Protein chains: 2
Amino acid sequence: MVLLRNTLKHIVEVLIDPQGYIKTKFKKLAIPSGSLGRLEELATLYASIRGNLDCGIRHKKIFTMAGDHGVVEEGVSAFPRQVTAQMIQNFIEGGAAINVLARHVGAEVIVVDCGVAFPLDEKQCLKVKKVGLGTKNMATGPAMSREEAIRAIEAGIELIEEELAGGLDIIGTGDMGIGNTTPSSAILAVLGKMDVESATGRGTGLDGVALQKKIEVIKKSIALNQPNPNDPIDVLAKVGGFEIGGIAGLCLGAARYRVPVILDGFISTAGALIANAIEPKVNNYLIASHVSAEKGHRMMLNILNKVPLFDLNMRLGEGTGAALGIGLMEAAVKLLNEMATFNEAGVSDPYTQ
Amino acid sequence: MVLLRNTLKHIVEVLIDPQGYIKTKFKKLAIPSGSLGRLEELATLYASIRGNLDCGIRHKKIFTMAGDHGVVEEGVSAFPRQVTAQMIQNFIEGGAAINVLARHVGAEVIVVDCGVAFPLDEKQCLKVKKVGLGTKNMATGPAMSREEAIRAIEAGIELIEEELAGGLDIIGTGDMGIGNTTPSSAILAVLGKMDVESATGRGTGLDGVALQKKIEVIKKSIALNQPNPNDPIDVLAKVGGFEIGGIAGLCLGAARYRVPVILDGFISTAGALIANAIEPKVNNYLIASHVSAEKGHRMMLNILNKVPLFDLNMRLGEGTGAALGIGLMEAAVKLLNEMATFNEAGVSDPYTQ
């Protein structure tokens, strides 16, 4: 609790270009004013978060946060539980989608065991921050204790602190956890104060009957555990997941050290909802990479007041959308840093003639 | 005319994954089926165009096609005419937005003088395919002769043929030409059979009065020249531009050699409309990178039946959207080529249990 409390104390509101330096720099670049659209907004946000006009992006890290979920006992996923650990092995061997996309954008993948149901050994690219051997089944009681929820969040904060020394200019969030759209939908329903049907989608590919079952399981879990919508840590404990808490911690830790966070899809944004409810000042540090095909994700983004950069019908998780978002953010920052001005390029500027 | 006729004769319809090999390969990858969304569609299209399941993208080239426009005499642009040539110098020196974004995605920029109003010497990264010293003022007569229109298109085809030897796996289109949203809007109005108001936007930043003037100029040009909407070469000649013809030629030439084309924004898509009207089989070779903030672009994309990959409120041209699109296409193709299958990764597949 000390780490979390201390982190929250140090998160400051992002002021967007308070002196107008970034706007002035963009005005001088040899392009029609405003013609870079959201790329200009992205670069402005990045430089504002970093507090530095001449900021480059060198150290890009994607945290793929893994955990298992007791609620899979209820049959809420198309995949068996052991796939979480199997996919971690795939991440380590570099054969997963997140590995391909991270290589494409020059980012490092750090896989984190936040609470996988099997023991895993720490490896070069696997960090073990295990809070438990999977959560408990939230349909029969709380997914975890309040202490475990705090521990999960603090694990995410620790990851940021551990990576800072080696350089950390931007992070992407990601997730792996069979069953984890179920707690994510529950978090959306509770924090968004909305009905479970609207918050619940097909996950990895449930059919109509299985989807109905999943909805009933989430309703039952909320009715049984009565998570307090005004206490995000209580929500995380009652109907959340270890990797979701870890992602919330990444958001808070990154904000505390002024590192921009590129959010992935549905599960990552559930983590961001928790973080944002704990400390709303975190909001401006968060960038939504894409809107997922998973039902409910757009509603999460609306709650956070985010417009996604991509809408590609993706629903894989792992950090795949975040990887694409990191690539786009880097492009935007390079434009701010590398383009010639009207003067340098000897181009006639219609505004100064 | 021989080159154009010969090119058209050799363009074949793209069959999307006719044997289902690509679909089968994606089904084996260790991800929930369909979870890569449009990235799977993109990779499928790419491999279908190339006719090769194991195709990588190595040689990426963006053609920034430049030309001047007689119609700027009418005051249709916020920038003075000499900016076209000044920006070409900026492209050569590597300081423009397209240079930054092309470097970001590992693409080469080839700047092409399709008809700039000033003499330019060929350089390493500047090709001279000059059809004329700028088009004539379409408000007082045809922008160019029919022969010049064909010559402009053939220049684009020649560029493809010249680059094939060095390797050409994907191209991006781009444009530079002060005043060139005016002919692009005219092309949209004529080929899309729509009113000029709906097809005309603010270009580099016209205010309301200047926009109204631009609309009147386009109306007058169409009324005076009577371009035949069923003859795209006539439309290009009467109300087009040399770089727009060149872009149409790039589309046709690339299709003839089965090279995917990533379209940039409003001006590039005007060129694509000409190409698509000349030979509709070109359509499947074209990928829309983004939807521009320029009014009318979305209507162009609707005519071509394209859903853009990005919607970032950009309106710069040069090939900047195309560069981002190339990066995304490469990501998609890498996923198809580099991901592990369920078998290779030792991951339980719910569909084979």
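Residue numbers begin at 1 in each chain, while the letters A, B, ... track the order of the sequences. No hydrogens, no waters, no symmetry mates; every other heavy atom, side chains included, goes into these values. Computed from a prediction, not measured in an experiment: that's the story for all the values here.
Contact annotation for B/Glu294: neither backbone nor side-chain heavy atoms come within less than 4.5 Å of a heavy atom of chain A. In this structure, no portion of A/Glu40 lies under 4.5 Å from any heavy atom of chain B. Interface remark: B/Leu309 contributes backbone and side-chain atoms alike to the contact with chain A (heavy atom separation under 4.5 Å). At a 4.5 Å heavy-atom cutoff, the contact between B/Ala96 and chain A is made by backbone atoms alone.
Aromatic ring pairs are classed by plane angle as parallel below 30°, tilted from 30° to 60° and perpendicular above 60°; the pair A/Phe266 and A/His297 is perpendicular.
Expressed to the nearest 0.5 Å, how far NZ of A/Lys213 lies from CG of A/Asp207 amounts to 11.5 Å. Separating the CE atom in B/Met300 from the OG atom in B/Ser268 is a distance of 9.5 Å, to the nearest 0.5 Å. Residue A/Asp264 holds its CG atom at 8.5 Å from OG of A/Ser292, rounded to the nearest 0.5 Å. With rounding to the nearest 0.5 angstrom, the CG atom of A/Leu29 is 8.0 Å from the CG atom of A/Leu36. Atom NZ of B/Lys23 is separated from atom OG1 of B/Thr44 by 9.5 Å, given to the nearest 0.5 angstrom.
In terms of heavy-atom pairs under 4.5 Å with chain A, the best-connected choice from B/Val307, B/Leu328, B/Leu42 is B/Leu328. Per-residue counts of heavy-atom pairs under 4.5 Å with chain A were compared for B/Ala331, B/Gly37, B/Ser35; the largest is that of B/Ser35. For the set B/Arg38, B/Met314, B/Arg315, the count of heavy-atom pairs under 4.5 angstrom toward chain A peaks at B/Arg315. Taking chain B as the reference chain and counting heavy-atom pairs below 4.5 Å, the highest number among A/Leu312, A/Asn313, A/Asn99, A/Val105 is found for A/Leu312. Chain A forms more heavy-atom pairs under 4.5 Å with one residue of B/Gly346, B/Gly203, B/Ala345, B/Ala97 than with any other, namely B/Ala97. Of all the listed residues (A/Gly94, A/Gly95, A/Gly327, A/Ala293), the one sharing the greatest number of non-hydrogen pairs under 4.5 Å with chain B is A/Gly95.
For the pair B/Asp349 and B/Lys27, the salt-bridge criterion is not met [side-chain N within less than 4.0 Å of a carboxylate O]. Salt bridge annotation for A/Arg298-A/Asp311: present, with a cationic side-chain nitrogen under 4.0 angstrom from a carboxylate oxygen.
Between B/Thr64 and B/Asp175, the closest side-chain pair of non-hydrogen atoms is not below 4.5 Å. A/Arg81 places a side-chain heavy atom less than 4.5 Å from the side chain of A/Asp68.
Annotation: residues 83-92 of chain B contacts chain A through B/Val83, B/Gln86, B/Met87, B/Asn90 [non-hydrogen atoms, separation under 4.5 Å]. Contacts between residues 316-324 of chain A and chain B, defined by a heavy-atom separation under 4.5 Å, are made by A/Leu316, A/Leu324.
Residues that satisfy the side chain to side chain donor-acceptor pair (under 3.5 Å) test with B/His59, not counting sequence neighbours, are absent from this structure.
Across every non-hydrogen atom of A/Val291 and A/Pro308, the tightest pair is N-CB, 3.5 Å.
Pairs passing the salt bridge (charged side-chain N to carboxylate O under 4.0 Å, His left out) check and including a residue from residues 91-105 of chain A, sequence neighbours excluded, read A/Arg103-B/Glu338.
Side-chain atoms of B/Lys214 and B/Thr181 include a donor-acceptor pair closer than 3.5 Å.
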